[in-house]
Amino acid sequence: MQITFLGTSSGVPTRSRNVSSIALRLPQRAEIWLFDCGEGTQHQFLRSDLKISQISRIFVTHLHGDHIFGLMGLLASCGLAGNPKRIDIYGPSGLSEYLQGCVRYSQTHFSYPVKVHTIQPGIIFEDEEYQVVCGPLKHRVPAFGYRMIEKDKPGRFDVETAQKLGIPPGPIYAQLKQGQTVTLADGRIIRGAELCGEAQVGRKFVYCTDTVFCDGAVELAQNADVLVHEATFAHQDSEMAFQRLHSTSTMAAQVALTAEVKQLIMTHFSPRYAPGNSIVLEDLLTEARAIFPQTDMAYDFFTYTIPRRSSP
Ligand SMILES: [Zn+2]
C-alpha cells in the first residue's frame, strides 16, 4: 500500500508543484484510488509510473477548483487509456451536478460507467478488505476528510497440523480459524489461536484537506499509520489561516499529536513560501517537527510506502 503525491500546492500550481491529488496504490488488486483531482492530474500520471487505467475510485474532499478541475479531463482520458470497468466517485453534494454539467455542455461521452456517490459522514465504502469513512472538516465550503482502513487479516490457519491432530473437518475448523477454543467429542481441548499464524494488522491512511484545525480531523486521524494533513500556512501567518479556514504547519502537527498517529506528511502549501521569501517551506517543517517530530513534507511525486505495524 503506497501513496504518491501528484500535487502539493494550494490554490494554483507552481513550476515545481501541481495542485492537489494523491494516488493510493493497491498492488494486490492492481487498483489506484485517487484522492482529489486538481487540474493537470492526468499530466502528473504521465510523468509518474502510475497507470490511469487502474483508477477505480476517486474521493473528492470539497468542490474548490484546485481539487476538482482535473476530473473531467482525467475521466475523458480514462476511456482511451484502456477501458476501466467502472469508476466510482465520492464527494460532497453538488459534485454530481458539476460533472453532469461538464458532460452535457462539452458533449462528452464516457465509454464506461461512472457512478457519483454523494457522501454523508460515516462509512461510504466497504468490502471484505477495506473500509472508507469520511468526516466533516472546517473550511469555507462543505469539506470532508477520508479515513481508509485496511481490515486486519487473521493469521493463516495450519490445516496440516489440525489434520494430524485428528480434528474432524467441518464447522469446528471455522471456529478454530477464528482463534476460538473448542472441546472435541473425545474430550480434548484445542486452542484455535495455537493453530493460527500471526494476524496481519491492517493499515490506516487518513487525508485531511482543506481545513483549519478541527476536532473532526483529530477524530478521523485517530491512531492512523499515516496522516496527510494540509499545512497551507506557516505559524506566523495563522491569522490568514483562521480567516481562510486553512491550517498552519503547527495545526497539522497538533492534529497528528492529539490523534497519536505514526507519521504526519504535510501538503497543500501556499506558493508564497517560495525561495527568497522571508519564510520558506523548510520553516514550516521545523515548526511542525517541534510539536510532532515524525513529520515530513510532501513534494510532487513523493512516494511513501505505508509500513505494516506488528501490533495494533
Ligand atoms: Zn479549498
Side-chain angles (χ1 to χ4, degrees), residues 3 5-14 17-23 34-41 44 58-74 89-99 101-102 116 118-121 124 134-147 206-221 227-235 237-256 264-274 281 284 288 297-300:
I3 49 172
F5 290 81
L6 296 172
T8 55
S9 179
S10 78
V12 294
T14 69
R17 294 178 186 269
N18 198 41
V19 281
S20 292
S21 186
I22 296 181
L34 202 63
F35 292 80
D36 282 333
C37 188
E39 181 189 350
T41 295
Q44 297 294 78
I58 304 175
F59 301 89
V60 174
T61 56
H62 66 298
L63 299 188
H64 277 157
D66 58 325
H67 296 255
I68 62 165
F69 283 166
L71 269 175
M72 268 312 286
L74 180 78
I89 307 175
Y90 305 80
S93 158
L95 179 62
S96 180
E97 288 80 355
Y98 167 73
L99 286 171
C102 291
V116 184
T118 299
I119 56 170
Q120 296 290 340
I124 55 161
C134 78
L137 300 174
K138 204 171 165 191
H139 194 44
R140 303 190 304 278
V141 297
F144 293 90
Y146 290 98
R147 177 181 177 91
V206 177
Y207 179 50
C208 292
T209 196
D210 290 359
T211 188
V212 70
F213 180 92
C214 71
D215 294 338
V218 174
E219 201 178 307
L220 268 184
L227 164 64
V228 174
H229 197 288
E230 73 132 292
T232 310
F233 295 110
H235 183 67
D237 294 326
S238 51
E239 203 172 307
M240 235 176 330
F242 282 116
Q243 271 169 14
R244 300 181 191 181
L245 298 183
H246 277 299
S247 292
T248 59
S249 53
T250 45
M251 290 180 197
Q254 205 67 53
V255 172
L264 167 64
I265 304 177
M266 298 190 296
T267 187
H268 199 270
F269 308 114
S270 166
R272 66 195 295 120
Y273 305 116
L281 281 180
L284 275 72
M297 185 165 250
Y299 51 88
D300 284 24

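The first residue in the sequence is number 1, and the count goes up from there. One-based numbering, in listed order, for ligands and for the atoms of each.
Using a 3.5 Å distance cut-off with no hydrogens or angles, the side chains of Thr211 and His139 do not pair a donor with an acceptor.
For His64, the NE2 atom counts as densely surrounded, since its 6.0 Å shell holds more than 12 non-hydrogen atoms of other residues, nucleotides or ligands. A 6.0 Å sphere centred on CD of Glu39 holds no more than 12 heavy atoms belonging to other residues, nucleotides or ligands. Residue Tyr98 qualifies as enclosed at atom OH: its count of foreign heavy atoms under 6.0 Å is above 12.
The side chain to side chain contact (heavy atoms under 4.5 Å, CB included) search around Gln243 returns Glu239, Met240, not counting sequence neighbours.
Under the side chain to side chain donor-acceptor pair (under 3.5 Å) rule, His268 has a single partner from Asp36, Thr8, Asp210, which is Asp210.
Looking only at protein N/O/S atoms, the ones less than 2.8 Å from the Zn ion (ligand 1) make 4 in total.
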